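Presented below is the structure to which this report refers.
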Amino acid sequence: MNNNKLSLAEKDVQHQLHPYTDARVHEEVGPLIIERGEGIYVYDDQGKPYIEAMSGLWSAALGFSNERLIKAAESQLRKLPFYHLFGHKAHAPSIELADKLIELAPVPMSKVFFTNSGSEANDTVVKMIWYRNNALGKPAKKKFISRINGYHGITIVSASLTGLPANQRGFDVPLPGFYHVGNPHHYRHALAGESQEQFADRLSAELENLILREGPETIAAFYGEPLMGAGGVIVPPRTYWDKIQAVCRKYDVLVVADEVICGFGRTGNMFGSETFGIRPDVMVLSKQLSSSYQPISAILINDELYQGIADQSHALGTLGHGFTAGGHPVAAAVALENIKIIEEDNLVPHAAAMGKILQDGLNQFADHPLVGEVRGQGLIAAVELVADRASKAPFEVTGKLGRYLAGRAQEHGMITRNMGDAIAFCPPLISSESEIRLILERFARSLEDTQRWFNASR
Ligand SMILES: Cc1ncc(COP(=O)(O)O)c(C=O)c1O
C-alpha cells in the first residue's frame with residue numbers, strides 16, 4: 001500500500017509499535033514527533049521547543065547538538081565505518097576507549113567488554129559470572145540478588161534483575177534464581193521513627209537472611225544501581241552501601257554496580273560508586289558514556305573475575321559470547337570524544353554545582369500541599385506527589401496526577417517523566433544556571449496547574 005499521502009503521525013500509528021507505551025492509547029493520541037535538537041532543547045515537528053529535563057532517557061549529557069561528537073562520528077565513519085572484535089580483531093577506538101575506562105574506574109579494574117545497550121550489558125554480566133563460577137568449580141553459585149524497584153533493563157535476564165512490576169507482568173519473568181530484596185527508599189519504607197542508619201541495618205539484615213536461607217554457596221552476586229533511577233530516583237539511606245557490601249564480602253558475593261544512569265558525572269562525581277562509597281567487582285556503563293549519540297555499553301571487570309573467565313575461555317577454546325556491533329568503532333569514537341569533552345569542560349564539578357541549584361530549587365516546593373518528598377543527588381532528582389502529606393498517603397489511582405503534571409510541563413515547553421506520581425529531573429550536564437532556573441520555573445507552573453486540577457476534581 002502506498003502510504004505517501006499519510007502524515008508522519010499517521011504512518012507512525014499505522015506501523016510503529018512503541019516501547020513503554022499503551023498501544024491502544026497510542027492509536028488514539030498518536031506520537032509527539034521530535035524533529036531536531038539544540039543544546040538542552042528538542043523541537044517538535046511544529047517547531048515548538050522543549051527543555052529536555054530528562055536528557056532524553058537520562059542520557060544526553062552533552063545535550064542535543066554537540067558538534068564535536070558529530071565530527072567524531074563522521075570522521076570514524078569515513079575511516080572505518082564498521083569492524084568487530086571477534087577472533088583477536090581490534091581497532092583503535094575500542095582499544096583507546098577500554099584504556100580510558102580502566103583509567104577512570106574508581107577501583108582497580110582489569111578488562112572492558114563492549115556491548116550495545118544497558119540490557120545487553122547486564123545479560124552479559126550474568127553470563128560472565130555464571131561462566132566464571134563454572135570455571136571455579138562452583139556450579140551452584142549462580143543466583144542473583146537485586147532490589148525491588150531496581151532497573152536493569154528488559155531482556156529476559158536483565159528484566160529478571162529489574163524489580164518493577166511493569167517490566168515483569170505478562171512477560172514470564174523473573175527467571176528462577178533471581179531474587180529481590182527491599183527498596184532502600186526511607187520515605188516510603190522506613191518504619192515509624194526508624195533512622196536512615198537503622199533502616200540500612202534492617203535492609204542489610206534482610207540481605208543476609210536471604211543469603212543464609214538460600215545458602216551462600218548458591219549466591220553469585222548482588223546487583224544495584226548506586227542511586228536508583230527509573231525506580232523513582234531513590235537515594236539510598238546513609239550507611240546503606242557500606243552495610244550491603246559488608247554482607248556481600250562476608251559471603252563471597254560479588255558486587256555489581258549498574259552505573260548506566262549514574263556514570264559520567266550524574267551524581268556530582270564521575271561515578272555513582274564514588275558518591276556512595278561502593279567498591280564494585282563489576283561496573284556497567286552506558287547512556288552518558290556516549291551521551292547516547294551512538295548506542296554503546298561497557299562492562300568493567302576486576303582481575304579476579306577476568307582470571308576465571310580467561311581460564312574458562314582457554315579450557316573451552318573460546319569465549320563464546322559477543323555481539324556483532326559490540327565496541328562498534330563509530331560508537332567507541334563518539335564515546336571517547338564524549339569523555340574528553342566531559343573532562344575538558346569540567347562537566348563533573350559543573351554537574352555538582354548545577355545539581356545544588358536544582359536540589360535547592362526543588363526543595364523550595366517541599367512544603368507544597370501536593371508534595372510528599374523532594375529527593376536527589378547531583379543533577380538527578382524527583383518530586384513525589386502525595387494525596388496527604390501527613391500520612392504520606394498516595395493517590396487513589398497511582399500515576400494519574402504525575403501523568404497530568406508531566407502533560408502540563410510538556411504544554412509549558414518542558415519534557416520530564418512521571419514514575420507513578422514522582423516527577424523526575426535529569427537535565428543534561430551542560431545545563432547552565434539560567435537553564436536550571438527555567439526548569440524550576442516551568443515545574444512551578446505545572447505544579448500550580450496540577451493543584452488547580454486536583455482541587456477541581458475533588
Ligand atoms: C540502571 C539501568 N540499567 C540498565 C538499563 C537498560 O539500558 P537499555 O535501555 O540501554 O537496555 C537502564 C535504562 O534505563 C538503566 O537505567
Side-chain angles (χ1 to χ4, degrees), residues 16-20 55-62 64 66 68-102 104-105 109 111-131 151-159 161-162 256 258-261 263-264 282-301 306 309 313 318-342:
Q16 266 208 99
L17 178 61
H18 285 259
Y20 281 93
S55 302
L57 288 176
W58 329 81
S59 56
L62 301 187
F64 296 86
N66 190 286
R68 282 178 61 180
L69 296 191
I70 295 161
K71 287 211 177 81
E74 190 188 350
S75 67
Q76 186 56 45
L77 274 166
R78 290 190 191 289
K79 199 169 179 183
L80 180 69
F82 169 69
Y83 212 70
H84 62 85
L85 306 175
F86 287 28
H88 306 284
K89 306 295 188 300
H91 47 70
S94 75
I95 297 170
E96 297 290 359
L97 182 59
D99 190 58
K100 185 70 196 173
L101 294 176
I102 295 289
L104 287 178
M109 287 290 180
K111 296 287 181 290
V112 179
F113 189 90
F114 289 111
T115 46
N116 304 292
S117 67
S119 300
E120 274 181 16
N122 286 326
D123 269 47
T124 296
V125 168
V126 170
K127 282 183 74 184
M128 295 276 189
I129 291 175
W130 284 344
Y131 190 77
Y151 188 79
H152 302 289
I154 44 65
T155 48
I156 292 176
V157 161
S158 65
L161 292 166
T162 290
V256 183
D258 183 340
E259 293 261 8
V260 166
I261 286 181
F264 305 98
V282 180
M283 287 171 76
V284 181
L285 309 173
S286 191
K287 294 194 189 266
Q288 296 202 126
L289 168 58
S290 65
S291 283
S292 287
Y293 280 38
Q294 289 286 297
I296 183 167
S297 53
I299 298 152
L300 274 57
I301 56 174
Y306 167 68
I309 291 166
S313 75
T318 188
L319 173 60
H321 183 86
F323 298 93
T324 298
H328 194 288
V330 178
V334 168
L336 261 175
E337 188 70 1
N338 178 68
I339 295 171
K340 215 167 159 189
I341 296 167
I342 289 176

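Not measured: the values here are computed from a predicted model.
For the residue pair L62 and S291, the shortest heavy atom distance occurs at N-OG, 3.1 Å. Residues S94 and G327 share a closest heavy-atom pair of CB-O, 3.9 Å. In plain terms, the two heavy atoms of A98 and V112 that are nearest each other are O-CG2, 3.7 Å. Looking at every heavy atom in both residues, P329 comes nearest to P93 through O-CB, 3.6 Å. Of all the heavy atoms in I154 and S158, the pair that sits closest is N-OG, 3.0 Å. Of all heavy-atom pairs spanning S297 and S117, the tightest one is OG-O, 2.7 Å.
With respect to V256, the side-chain contact (heavy atoms from CB on, under 4.5 Å) criterion is satisfied by exactly one of V282, I299, L161: V282.
Partners of S313 under the side chain to side chain contact (heavy atoms under 4.5 Å, CB included) rule, at least two apart in sequence or in another chain, are Y131, L319. For the side chain to side chain contact (heavy atoms under 4.5 Å, CB included) test, residues two or more places apart in sequence or in another chain that qualify with K340 are R68, E337, E344. For E96, there are no salt bridge (charged side-chain N to carboxylate O under 4.0 Å, His left out) partners, not counting sequence neighbours. Among residues two or more places apart in sequence or in another chain, the side chain to side chain contact (heavy atoms under 4.5 Å, CB included) test is passed with Q294 by V330, A331, V334. Partners of Q16 according to the side chain to side chain contact (heavy atoms under 4.5 Å, CB included) rule, which considers only residues two or more places apart in sequence or in another chain, are D12, H18.
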Pairs under 3.5 angstrom only: tabulate donor-acceptor contacts from the side chains of residues 79-86 to other protein residues two or more places apart or in another chain.
residue: H84; atom: ND1; partner: F86; partner atom: N; Å: 3.0

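Side-chain atoms of T124 and M128, non-hydrogen and from C-beta on, do get closer than 4.5 Å to each other. L289 has its side chain within reach of L101: a pair of non-hydrogen atoms, C-beta onward, lies under 4.5 Å apart. A heavy-atom distance below 4.5 Å is not found between the side chains of D258 and V125.
Y293 contributes no side-chain N or O that, together with a main-chain N or O of N338, makes up a donor-acceptor pair within less than 3.5 Å. The backbone N or O of N116 sits nowhere less than 3.5 Å from a side-chain atom of H328 that would complete a donor-acceptor pair. A donor-acceptor pair is defined here as one N or O able to donate and one able to accept, closer than 3.5 Å; no such pair exists between the side chain of T162 and the backbone of Y151. Without hydrogens or angle criteria, E259 side chain to L285 main chain gives no donor-acceptor distance under 3.5 Å. When atom types are taken as modelled, the side chain of S286 and the backbone of V260 share no donor-acceptor pair closer than 3.5 angstrom. Using a distance-only test at 3.5 Å, with no hydrogens or angles considered, no donor-acceptor pair links the side chain of E120 to the main chain of T115. Distance alone, capped at 3.5 Å, is enough to place a donor-acceptor pair between the N122 side chain and the H152 backbone.
Rounded to the nearest 0.5 Å, atoms OG (S55) and CD (Q288) are 6.5 Å apart. For the atom pair CZ of F113 and OH of Y306, the computed distance is 12.5 Å after rounding to the nearest 0.5 Å. With rounding to the nearest 0.5 angstrom, the CG atom of L69 is 4.5 Å from the CD1 atom of I341.
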